[in-house]
Amino acid sequence: MASPHQIWRTVFVPAALIFSLIIITSENFILFHTIAELFTVGIAIIMFVVAWYAYPFSRNNFLLFLGIGYFWVGTLDLYHTLVYPDLNIYEDLTGTPSAQIWVIARLFEALILLIAPLFLTRDLNPTRTFVIFGAISAIAYQLVLSGNFPAAFYTDTGLTQFKIYSEYVIIAILFIACFHLWSKRHLLKPRLLTLLIIAIGLTIIAEVIFTLYTAIDDIYNKSGHIVKILSFWLIFEILVKSALTRPYRELKKAHDDMEHTVITRTKTLEQEVEKHKNTERALIESKARLTQLLTSSPVVIHTRELTEGYPVTFISDNAREIFGYSSEELMHDPELWDGLIHPDDKTHALEELNNILSSRSLTQEYRIKTHDGGYKWVYEELKIINDDHNEPLCIIGCRYDITQRKHAETELIAAKIEADRANQAKSQFLSRMSHELRTPLNAIMGFSQLSDYDKTLSDSQRDIAKKIYNAGKHLLILIDEILDLAKIESGNINLSMQPVSTTEVINDCLALTKTLASSRNISIKFNPENGNEYIIIADHIRFKQVLLNLVSNAIKYNKADGQVEIYCSEHKTDKVRINVSDSGAGIDKQKILHLYEPFNRLGAEAANIEGTGIGLVITRQLVELMGGELGVESTPGKGAVFWVNMKRSSSACFLNEDKNSDAQINDIAEPASRTARILVAEDNELNLEVLKMQMQSLGYKAFFCSDGQEALMELQNNFYDIILTDIKMPKIDGYELAHAIRNNDDGINQHTIIIAISANSMQDDIQQCMNVGMNDFIAKPVNIEQLKQILNKWLPL
């Protein structure tokens, strides 16, 4: 914003000047005209002088172009003034040279204002421009003096048509100049642009007025000259302010800034001096602390030269505390420092040292002989230090005493070996226990289950057999859960994380618990159509195990005629919560604290409810292994809600092999014929007897072998649709039998379906069966319904 002083100079000074001019020359037009024109001529000359001599500093081509142009416009206006009628300075001139020169001067001025914006971005040759403008002015003088320029004014008739149309042309050029200047507005300061537009506008107004006067001394002629004075004054303001006033102001500001900088710098230097003194004191203190640290540090620091042998140039004083040698002793004998390295480590350590120029740094471990004849393990770090020119200067190194760490590592390795051995023994024990426990259970559960197919038994006998079967089933569940818990604790459980449908798994669990729920008249509510369809990341089998345990518990620990509700919801932004609520008695807060303790059934054993007290422990650990969370919310008397949070899958699709497999099994109808040829290999006589009776009950005829060798001989000459084989058998076991069948190119049973029947039901055992070419697996004890489904699955209809 312009200051009051600037406004006064820009507006009131020319106004006061014009007012004084009118008063002084009110009775004499010639005097008015002469003073007015000489004033503008003076302004033009001053503009030229300011622009010309300020140019070496301002380098403003635009202002210099205006200054040179207005200088020659001023010379034309001076000649116009001197040849004005009635002034009688040049009495021998004919015609109206004053009006002719006026037309030339105004046309010249308009062209200068039109061209000037080009030099906002272009360089200017001052001398060449001055000469060209001078030549144009001289040609104009010559045209007027020679009488070859058209007449512009007659005393008796006034302005000629040439003069009037010339003014119109000048006005048009000024308008174009105004638009040209506006197109360059981004190169000019706003105030400068405004004053230039106003100056051109005033020039246009003046030219319009000069088309109206008919006599030399009429009001239009006077008004035109007054407006011209204002236009020249604004151009003068622009040029002086830009070329002289502003640079001076900027120079003064720079001077003031420099003085401020000097004062500030002086204070800064004083502070720097004080800081330097403080730094010197701090360095002295730091050196003392560093010496103390080096003396008490467990790290021996040393430096080496980058010459042959890399001789040691410095060893910290704490070497005596660690190695028993003082730094003076070690420095006195240059070979002693590396000579203390254990003979078994020395060759490798020195070879590594010789490669340091290429590697730039080095870390290694070796043993050092101490002064008392013993050895200590050290960890050494070496690094090349560069000088100010980034050239290698020396080697700096640190030797750490890691003897205790090495002893700990040795103990840790021994402990790990022992733990691995114990873990392997545990796995072998679990595998053997699984086999040894399942083998007798196979006979117990197999014979008891056959009672449903024996029509000769009485109802009481069937009831006793059913109780025997249920007891065996409970024992089997306990065995499976103990084995699962042991596998989890030993880290021997493998998970296959993939997208899983919560709706599919819940429906599977409901199908498996339908009988249990019906026996207690428990209604289960689950409506997947009400926003309950979610895809999570989990192991399909293990997640199914988790939900099956929660749903089974909700049924078992519910009240008679109660209700179980299963529903899913979004949890946070990337998780799904699966809730299983029941209408049972609920769980007291104090009991919840002991909910996940193995074999702790929280008093439920007194209520005659089947269970082992391990299921929830396994469930929680499986959920956590799959990256989820398991929790419970309960109010005594109002039931409980067990919830599982699982990570939500980013994919809309999911894999579901189990579902397809189950559907295939459940949808298979009874075979049209029982004439399929089945070979069974089983070395245990009791289990062999169970299988015979199960096959008989299902209506199948089978050929039985007591071991793998006997089965292999039978397969050489006879074709079988299915081979059921135990795994652990004398002479040739089940793995060897399957491998021999699959690799016998000439055998008639090379592509026969092979199904393993084994008490070794751990995941690794099942996978090994698949690896040797078997098609399916049945875990002992063999459930007759499962056997039926598997046979229906693989036998042709």
Side-chain angles (χ1 to χ4, degrees), residues 1-17 42-43 45-68 70 116-117 119-126 181 184-199 233-293 385-391 393:
M1 183 178 291
S3 64
H5 175 72
Q6 291 174 326
I7 297 174
W8 178 83
R9 186 178 64 193
T10 304
V11 178
F12 295 106
V13 170
L17 201 66
I43 289 177
I45 293 172
I46 294 171
M47 284 194 292
F48 167 71
V49 171
V50 171
W52 186 271
Y53 285 101
Y55 180 73
F57 307 101
S58 68
R59 309 305 297 179
N60 195 320
N61 298 303
F62 173 71
L63 296 179
L64 181 60
F65 183 84
L66 286 177
I68 295 173
Y70 270 90
F119 292 97
L120 287 168
T121 57
R122 297 185 183 183
D123 292 334
L124 176 71
N125 188 318
L181 187 65
K184 305 286 185 179
R185 61 187 179 278
H186 60 284
L187 301 173
L188 293 165
K189 292 186 177 180
R191 187 169 183 275
L192 181 62
L193 176 65
T194 302
L195 292 178
L196 278 170
I197 296 295
I198 294 173
W233 178 260
L234 287 179
I235 299 293
F236 171 76
E237 270 282 313
I238 293 167
L239 197 143
V240 171
K241 182 173 182 59
S242 298
L244 197 62
T245 306
R246 184 175 291 108
Y248 174 76
R249 187 180 296 115
E250 292 175 355
L251 182 63
K252 185 176 184 303
K253 183 177 181 302
H255 176 267
D256 293 341
D257 290 344
M258 184 174 289
E259 282 191 348
H260 177 72
T261 302
V262 170
I263 294 171
T264 304
R265 185 57 182 162
T266 301
K267 291 181 179 179
T268 302
L269 287 174
E270 291 174 352
Q271 293 172 355
E272 289 292 333
V273 170
E274 183 63 27
K275 186 178 179 181
H276 181 69
K277 291 179 180 178
N278 293 336
T279 302
E280 285 184 345
R281 288 193 294 268
L283 283 174
I284 294 172
E285 295 174 1
S286 178
K287 184 178 180 181
R289 285 195 297 269
L290 181 60
T291 302
Q292 180 63 30
L293 284 172
I385 304 299
N386 295 336
D387 59 16
D388 295 338
H389 304 289
N390 206 29
E391 294 295 328
L393 179 64

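Both backbone and side-chain heavy atoms feed into the values below; hydrogens, waters and symmetry mates do not.
Atom CD1 in Ile68 sits 12.5 Å away from atom CE in Met47 (nearest 0.5 Å). In this structure, CG on Asp123 lies 8.0 Å from CZ on Arg59, to the nearest 0.5 angstrom. Note: Leu120 CG to His186 NE2 = 8.5 Å, rounded to the nearest 0.5 Å. Taking CG of Leu234 as the start and CD1 of Ile43 as the end, the distance is 9.5 Å to the nearest 0.5 Å. The distance from atom CZ of Phe62 to atom NZ of Lys184, rounded to the nearest 0.5 Å, is 11.0 Å. Taking OH of Tyr70 as the start and CZ of Phe65 as the end, the distance is 11.0 Å to the nearest 0.5 Å.
Under the 4.5 Å side-chain criterion, counting only non-hydrogen atoms from C-beta, Ile235 is not in contact with Leu195.
Crowding of Asp387 atom CG: a count of heavy atoms from other residues, nucleotides or ligands under 6.0 Å exceeding 12.
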> When you look at Asn61 and Tyr55, which way does the side-chain contact (heavy atoms from CB on, under 4.5 Å) test go after all the steps?
Replying inline: CA-CA 8 Å; Asn61 298 303; Tyr55 180 73; 2.7 Å; yes
> Between Val50 and Leu63, is a side-chain contact (heavy atoms from CB on, under 4.5 Å) present by the stated rule, with each step listed?
Replying inline: CA-CA 10 Å; Val50 171; Leu63 296 179; over 6 Å; no
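Side-chain polar atoms of Glu280 and His276 form a donor-acceptor pair below 3.5 angstrom.
In terms of heavy atoms, Ala51 sits closest to Leu64 at O-CD1, 3.6 Å.
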